[in-house]
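Some notes on the structure that comes next.
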Amino acid sequence: MMNYSSGAPHPDTGEGEPPAVRAQDLTVVRGPRTVLRDLDFTVPRGQVTGLLGPSGCGKSTLMRAIVGTQAKVTGTLDVLGLPAGHPTLRTRIGYVTQAPSVYDDLTVRQNLDYFASILDPGLPHARTRSRGGTPSAADRRRDNVTRAIADVDLTTHADALAGNLSGGQRNRVSLAVALLGTPELLVLDEPTVGLDPVLRRDLWQLFHALAADRGASLLISSHVMDEAERCHRLLLMREGEILADDTPDALRTGTGSDTVEAAFLHLVDAAAAASRTKETSR
Ligand SMILES: Nc1ncnc2c1ncn2[C@@H]1O[C@H](COP(=O)(O)OP(=O)(O)OP(=O)(O)O)[C@@H](O)[C@H]1O
């Protein structure tokens, strides 16, 4: 299958800090199937990269490999310059799965407090702000929790039980947990599924603000092609392979398409034609 590129320089091909993610010959086997095959790509720092492709193409598997929770991964997969799964990456990556991982019998704030205390346990006796103005662990945690709840627009629901929230609100509690440690890389698996258009717009604004203001790198999966238009860069996947790794503009221009969706379909057809030609020439 072709791996489309406009030939425009990739933002991470220069010198300096390593990209957020770099994969070479990345292959993942699940059960009897090779789910990802020989992937080569990079995810740049400080940008929003969309991981787009139809259901079942391997997006979640790729994300699991990046955060280090996927077995049977071969090839090279470096994250923030370290091998995926390296213990020091745990606090540097925020990961939100498709299934919200929150405790239903705790309030939003209690959920966040719980995860904050795991991330930043501090010292048991350091409960008050020190005289020098350096925040104690408890102050830091409270500030981080309040900020993360505000980031996902749940301040008015901070004291509601998570079990009483809607599906979209519970997703946002999971996202708030991922934002607690101000991670350098955020890996978000379909974070906008089930959200209304206003919330979807607000979340995309938050994603861009995280990249622009905090320098975070974001890898966001979706199978909704209009979300592709909101990304700085795109990885377009199909059947376990990367069809394209480029900017939305370059994809549209390079394929003579008006939308990323049309560009994707163009690339799918081109790949199918190339594989038919290969078959008949055997
Ligand atoms: N535990 C498993 N064992 C074997 N195969 C699996 C397992 N989980 C997923 N797969 C297969 O791996 C492939 C990729 O699945 P994955 O969940 O990564 O796709 P996806 O693109 O994230 O799909 P969706 O958008 O529907 O979430 C699918 O064909 C799926 O059937």
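Each ligand, and each atom within it, is numbered from 1 in the order the structure gives. Numbering starts at 1 and runs along the sequence shown.
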Checklist outcome for this item: Protein neighbours of ligand 1 with a heavy atom under 4.0 Å, given by chain and number, are Arg30, Arg33, Val35, Pro54, Ser55, Gly56, Cys57, Gly58, Lys59, Ser60, Thr61, Gln98, Glu190, His223

Checklist outcome for this item: Contacts of Glu227 meeting side-chain hydrogen bond (donor to acceptor under 3.5 Å, both in side chains) (sequence neighbours excluded), chain-then-number -> Thr192, Arg200, Trp204, Ser222

Next on the checklist: Parallel, tilted or perpendicular, judged at 30° and 60°: which one describes the rings of Tyr103 and Tyr114?
Outcome noted: perpendicular

Checklist entry - Is it true that a side-chain atom of Asp40 and a backbone atom of Asp25 form a donor plus acceptor pair closer than 3.5 Å? => result yes

Checklist entry - Does any pair with a residue in residues 203-215 pass salt bridge (charged side-chain N to carboxylate O under 4.0 Å, His left out), and if so which ones, sequence neighbours excluded? => result Asp151-Arg214

Next on the checklist: Please enumerate all residues that pass side-chain hydrogen bond (donor to acceptor under 3.5 Å, both in side chains) together with Ser174, with sequence neighbours excluded.
Outcome noted: none

Item to check | Atom of Leu39, atom of Glu241 and distance for their closest heavy-atom approach | outcome: CD2-CA, 3.7 Å

